[in-house]
> 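Just passing along the structure, written as structure tokens.
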Amino acid sequence: MFPGLHAPPTRKAAGVGIKMVSHRTGIALENGSQQAMQIWFNPASGLEAAILATSGLDAGFRPDVRPADPRFGDFQANGVLPYAKERKTNPRALAVATLDKVRESGALEGMSAEIAGPGFINFTLSPEYLLRWLMTYSDAERISQGMAQENAGTVVVDFSSPNTAKEMHVGHIRSTVIGEAIARLLALKGMKALRDNHIGDWGTQFGMLIWAVKSEGYDLDNPCENAVEELQALYGRGYAHYKSGDEAAALVREELVKLQDGDAENMRIWRRITEISKESFDRIYKRLGIRFDMTLGESFYCDKVERVYKELCACALAVEDQGALVVFHPEHKRFATQPFIIRKGDGASNYASTDLATILYRVEELGATEIIYVVDSRQSDHFEQLFLTVEKWFAATGRPLPKLRHVSFGTVLGESGKPFKTKEGGTVKLRDLLDEAVERCYAMVSEKSPELPEAERRNIAEVVGLGSVRYADLSQNRSSDYVFSWDKMLALEGNTAPYLLYAVARIHSIFRKAGLKPGECESAASAFESPEELALARKLAAFGPAMEGVLGDLRPHLLCSYLYELSGAFSAFYSANRVMVDEEPVKARRLLLCTRTLAVLETGLHLLGLQTLERM
RNA sequence: GUGGCAGUAGCUCAGUUGGAUAGAGCAGCGGUCUUCUAAACCGCAGGUCCUGGGUUCGAGCCCCAGCUGCCACGCCA
């Protein structure tokens, strides 16, 4: 552990300034000839629209343009095949005819196109087109302009959601990190993204906590340095007492009832516990650069569940069953008999009650058109039942139904393949995990770059360490479990944060050595020639299609894959092509590639919640 | 029992929702620094896509049946 490690570094603005135009909007440039060259931000969707407009085929035709295997070109349109199959015509002949029509329209200026195989249409962007693309989408702002939609709506992102009186542990990392990335991605798309931390601050655990606080005379107003640890221990002793016999259990339950009835002393204790917990959460969030627009936990909804019970009973969705109030879904194979319990037999609310009240609040008070829950996949039954219930409830009451999405994710496993635990078998505290990541990185940077001042090495360690933990999580398909491995996440090789951050630092270094700023000295650029230049330019122009995949199903790992490939293309270019050469047009175009690679890498990494460095 | 998710190179994983010869990284082997950060780059090798049927011009992807593993299923969240 190093002194001063807890001081958070100054953060750059993590979001990206955005003004939006449709991604289908291209920018037309004079080509020097009579034809104008369309420079689409996303050439795939640009081609899609152009082919659709000029093909002359029936309404059922979808060109299906996608990035192609580099052997065949930059993009390929596959849509002719299924179309021809349905109409029982020759696909290859149809592809030829379609391509002729598109070509006549002039939309393919700046690229070559040819038919291959049974009827694929392959498109290859010319070096001139690539150069103009890079000239047009010249910085992070203009790049992000290509992506947004107007009036995309208001989305509430419900993520992180720790329980009060407990320390955040490794189980919270995925929701926190993925949720933050998704909020940033949706904001980029033009949505009003509201981050809501739905903390667990109400429920049966408070009976035990309050009992323990009182019986031990614990002074909540003068907590020790790590008060949450104390709270967790108090809870443990309260729980043990609760389990020790009927009389003890009754005493504990009594404290809970008093709290729920608004008893002043118990409310005071509850409030202090919540404050102490929030301070602990905030230290983690501050370190990770995460800020919530609201923290409306379960307690916020305790006076809002009555209305839900009434409405659901009024529209006959909820029924009494074995003393509890439940919802069945007769049309569903399992939920016809597996109840959705919205009020417990003892009359108390639960997770389902507050989730229902929360949706109502988000729609009525926050104007949500979409709600996203970043919650682990074990709760998929709960969300399926919740969403089914809301659909019917809102239909019955004539409310607009928001889009409801459960963005689920798998468990973090240790290298044994079992859920990640400490050597002693306890839960791993998130604070300790982050400390260890930074500590390991400090050792690495001190070994690799001992010449840097210590303060800078500390900052590098913080950025790389935290970034590595986040990136390791985000770079994996969120739906599967993932194996936590220090060695893999901190490696310089492979799809890791250090590799990407190193690429960023190297680009900054080029400009530093040349005495230039990114964006300078590139106007004289000539068209790309070397295979490495062309491969890098192509990769840059493929940013739009990559982002489309990321946003479609909210899969940040696709952005990671793209950034990794881009970094790889840059490293290959950098090794094979010297940037600071004498010939001006060559130097200019290589500086252009450096500038654009930097802009895309930094934009992408900031979207994922990582900071970037100028040196490492 | 019902349902969900998964099974791809020795290991960890991608695979753009049905497209062309299934891709990376580790680990293994072999190369590249007097030149902008070698924390890098280039190359070689590595496959019964769990099994068996089916759908069609085309299947790792879709359908059916099995096998294996993880998870969820009445008063926790």
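Every chain is numbered from 1 and lettered A, B, ... according to where its sequence line falls, protein lines coming before strand lines.
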> Let's test this: given Watson-Crick or G-U wobble pairing with both distances under 3.5 Å, identify the partner of B/A22.
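Checking every strand shown, B/A22 finds no partner, since no pair has both distances under 3.5 Å.
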> Could you check how far CZ of A/Arg555 sits from P of B/U16, rounded to whole Å?
7 Å
> Closer than 3.5 angstrom, by distance alone: can the side chain of A/His406 be matched with the main-chain N or O of A/Val375 as a donor-acceptor pair?
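Between the backbone of A/Val375 and the side chain of A/His406 there is a qualifying donor-acceptor contact (under 3.5 Å).
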> Between A/Phe328 and A/Phe335, is the ring centre distance below 6.0 Å?
no
> By a 5.5 angstrom centroid cut-off and a 30 degree plane limit, is there stacking between A/Tyr574 and B/A40?
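Answer is no, no stack.
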> Quick one: are the ring centres of A/His557 and A/Tyr562 less than 6.0 Å apart?
no
> With a 4.0 Å heavy-atom cut-off, tell me which residues in residues 77-85 of chain A come close to RNA chain B, sorted by residue number.
A/Asn78, A/Leu81, A/Pro82, A/Lys85
> If you compare every side-chain N and O of A/Arg506 against the phosphate oxygens of B/A38 (OP1, OP2), does one of them come in below 4.0 Å?
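Yes, such a contact exists.
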> Rounded to the nearest Å, what distance is computed from the OH atom of residue A/Tyr471 to the P atom of nucleotide B/G25?
13 Å
> Can you tell me if the side-chain N/O atoms of A/Ser575 get under 4.0 Å from OP1 or OP2 in B/C41?
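Result: no.
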> Using the salt bridge (charged side-chain N to carboxylate O under 4.0 Å, His left out) rule, collect all pairs that involve residues 559-584 of chain A, keeping only residues at least two apart or in two chains.
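Residue pairs with at least one partner in residues 559-584 of chain A: A/Lys539-A/Glu565, A/Glu584-A/Lys587.
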> Please confirm whether the backbone N or O of A/Ala165 pairs with a side-chain atom of A/Ser277, one donor and one acceptor, at under 3.5 Å?
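Side chain of A/Ser277 to backbone of A/Ala165, a donor-acceptor pair under 3.5 Å: yes, one is there.
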> Under the rule for ring pair (Phe, Tyr, Trp, His ring centres under 6.0 Å), what residues qualify as partners of A/Phe409, not counting sequence neighbours?
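Counting only residues at least two positions away or on another chain, A/Phe409 forms no ring pair (Phe, Tyr, Trp, His ring centres under 6.0 Å).
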> Answer yes or no: does a side-chain N or O of A/Lys513 lie under 4.0 Å from OP1 or OP2 of B/U37?
yes
> Report yes or no: does A/Glu532 contribute a side-chain atom to a donor-acceptor pair with the main-chain N or O of A/Asn577 at less than 3.5 Å?
no
> Rounding to a whole Å, what distance do you find between A/Leu492:CG and B/A39:P?
8 Å
> Any donor-acceptor pair, under 3.5 Å, between the side chain of A/Glu447 and the base of B/A39, if you only look at N and O atoms?
no
> Categorize A/Ala572 for me: base, sugar-phosphate, or nothing, with a 4.0 angstrom heavy-atom threshold over every strand shown.
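Sugar-phosphate: the residue A/Ala572, judged by heavy atoms under 4.0 Å, touches backbone atoms but no base.
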> Using the P atoms only, state how far B/C41 lies from B/G69, rounded to an integer number of Å.
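To the nearest whole Å, 40 Å.
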> Do any side-chain nitrogens or oxygens of A/Ser561 fall under 4.0 Å of OP1 or OP2 in B/G23?
no
> Grab the CD-C1' distance between A/Glu384 and B/G4 for me, whole Å please.
9 Å
> What does A/Asn577 touch in the nucleic acid at a heavy-atom separation under 4.0 angstrom: a base, only the sugar-phosphate, or nothing?
base
> Between A/Asn350 and A/Ser353, does any side-chain donor sit less than 3.5 Å from a side-chain acceptor?
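Looking only at side-chain atoms, A/Ser353 and A/Asn350 do form a donor-acceptor pair, the distance falling under 3.5 Å.
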> In the 5'-to-3' direction, what one-character label does each nucleotide of nucleotides 62-70 of chain B receive under the scheme B = base within less than 4.0 Å of a protein heavy atom, S = sugar-phosphate only, - = no such atom?
---------
> In whole Å, what separates the C1' atom of B/A40 from that of B/G7?
35 Å
> Nearest-Å distance, CE (A/Met616) to P (B/A38)?
12 Å
> Once you apply a heavy-atom cut-off of 4.0 Å, does A/Asn122 come out as touching a base, just sugar-phosphate, or nothing?
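Contact class for A/Asn122: base.
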> Determine yes or no for a side-chain-to-main-chain donor-acceptor pair under 3.5 angstrom, with A/Arg62 supplying the side chain and A/Tyr83 the backbone.
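Not a single qualifying donor-acceptor pair exists.
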> Roughly how many Å apart are B/G30 and B/C70, using the C1' atom of each and rounding to a whole number?
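Straight-line distance between the two C1' atoms is 41 Å.
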> Can you say whether the rings of A/Tyr373 and A/Phe387 are parallel (under 30°), tilted (30 to 60°) or perpendicular (over 60°)?
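Tilted: the ring planes of A/Tyr373 and A/Phe387 meet at 30° to 60°.
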> Looking at B/G15, I'd like to know if its phosphate oxygens (OP1 or OP2) sit under 4.0 Å from a side-chain N or O belonging to A/His557.
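For B/G15, OP1/OP2 do have a side-chain N/O of A/His557 under 4.0 Å.
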> Is a salt bridge present between A/Arg596 and A/Glu522, judged by a nitrogen-to-oxygen distance below 4.0 Å?
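Answer for the salt bridge query: yes.
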> Need one value for A/Val445: base, sugar-phosphate or nothing, where a base atom within 4.0 Å counts as base even if backbone is also close, heavy atoms only.
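Counting heavy atoms under 4.0 Å across all strands, the contact made by A/Val445 includes a base.
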> Where along nucleotides 71-77 of chain B does protein come under 4.0 Å, by heavy atom, of base (B) or sugar-phosphate alone (S), with - for untouched nucleotides?
SSSBBSB
> Please state the C1' separation for the pair B/C29 and B/U21 - nearest whole angstrom.
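One C1' to the other, the span is 25 Å.
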> Base, sugar-phosphate alone, or nothing: which one does A/Ala546 contact when heavy atoms must sit under 4.0 Å apart?
nothing
> Tell which nucleotide pairs with B/C49, taking only Watson-Crick or G-U wobble pairs whose two distances are both under 3.5 angstrom.
none
> Enter syn or anti for the glycosidic conformation of B/U17, syn applying to angles within 90° of 0.
syn
> With both distances kept under 3.5 Å, what pairs with B/A9, Watson-Crick or G-U wobble?
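For B/A9, the partner nucleotide comes out as none, under the 3.5 Å rule.
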> Whether A/Tyr564 contacts B/C13 is assessed here as follows: a side-chain N or O lying under 4.0 Å from the phosphate OP1 or OP2. Is that the case?
no
> Could you check if the base of B/C49 is syn or anti? Syn means the glycosidic torsion is within 90 degrees of 0.
anti
> Run the ring-centre check on A/Phe123 versus A/Phe75 and record whether the distance is less than 6.0 Å.
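Not close enough - the centres of the two rings lie 6.0 Å or further apart.
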> With C1' as the reference atom in both, quote the distance from B/C13 to B/G53 in angstrom, rounded to an integer.
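Nearest-Å result for B/C13 against B/G53 at atom C1': 30 Å.
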> Just call it for A/Val483: base, sugar-phosphate, or nothing, with non-hydrogen atoms closer than 4.0 Å on any strand.
sugar-phosphate
> Quote, to the nearest angstrom, the P distance that separates B/U51 from B/U68.
15 Å
> Atom CD of A/Glu48 and atom C1' of B/U16: how far apart are they, to the nearest Å?
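After rounding, the gap between these two atoms is 13 Å.
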> From the options A/Trp486, A/Tyr482, A/Phe484, select the one residue that forms a ring-ring contact (aromatic ring centres under 6.0 Å, His included) with A/Phe420.
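Looking at A/Trp486, A/Tyr482, A/Phe484, the match for A/Phe420 under the ring-ring contact (aromatic ring centres under 6.0 Å, His included) is A/Phe484.
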> Which label fits A/Tyr301 and A/His198: parallel for a plane angle under 30°, tilted from 30 to 60°, or perpendicular past 60°?
tilted
> Using the P atom as the reference point in each nucleotide, state the distance between B/A9 and B/C63 in Å, no decimals.
23 Å
> Kindly state each residue pair satisfying salt bridge (charged side-chain N to carboxylate O under 4.0 Å, His left out) with at least one member in residues 321-341 of chain A, sequence neighbours excluded.
A/Glu331-A/Lys392, A/Arg334-A/Asp381
> Roughly how many Å apart are B/A27 and B/A39, using the P atom of each and rounding to a whole number?
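Result for the P pair: 16 Å, nearest Å.
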> Searching all strands shown, indicate the nucleotide that pairs with B/A72 (Watson-Crick or G-U wobble; both distances under 3.5 Å).
B/U2
> Looking at B/U2, I'd like to know if its phosphate oxygens (OP1 or OP2) sit under 4.0 Å from a side-chain N or O belonging to A/Lys333.
no
> For B/A40, give the paired nucleotide (Watson-Crick: N1-N3 plus N6-O4 or O6-N4; G-U: N1-O2 and O6-N3; both under 3.5 Å), or none.
B/U32
> Tell me which of A/Asp64 and A/Ser449 sits closer to the 5' end of RNA chain B, going by the nucleotide each one is nearest to.
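So the residue in question is A/Asp64.
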> Between A/Phe72 and B/A20, do the rings stack, that is, sit under 5.5 Å apart with planes less than 30° off each other?
yes
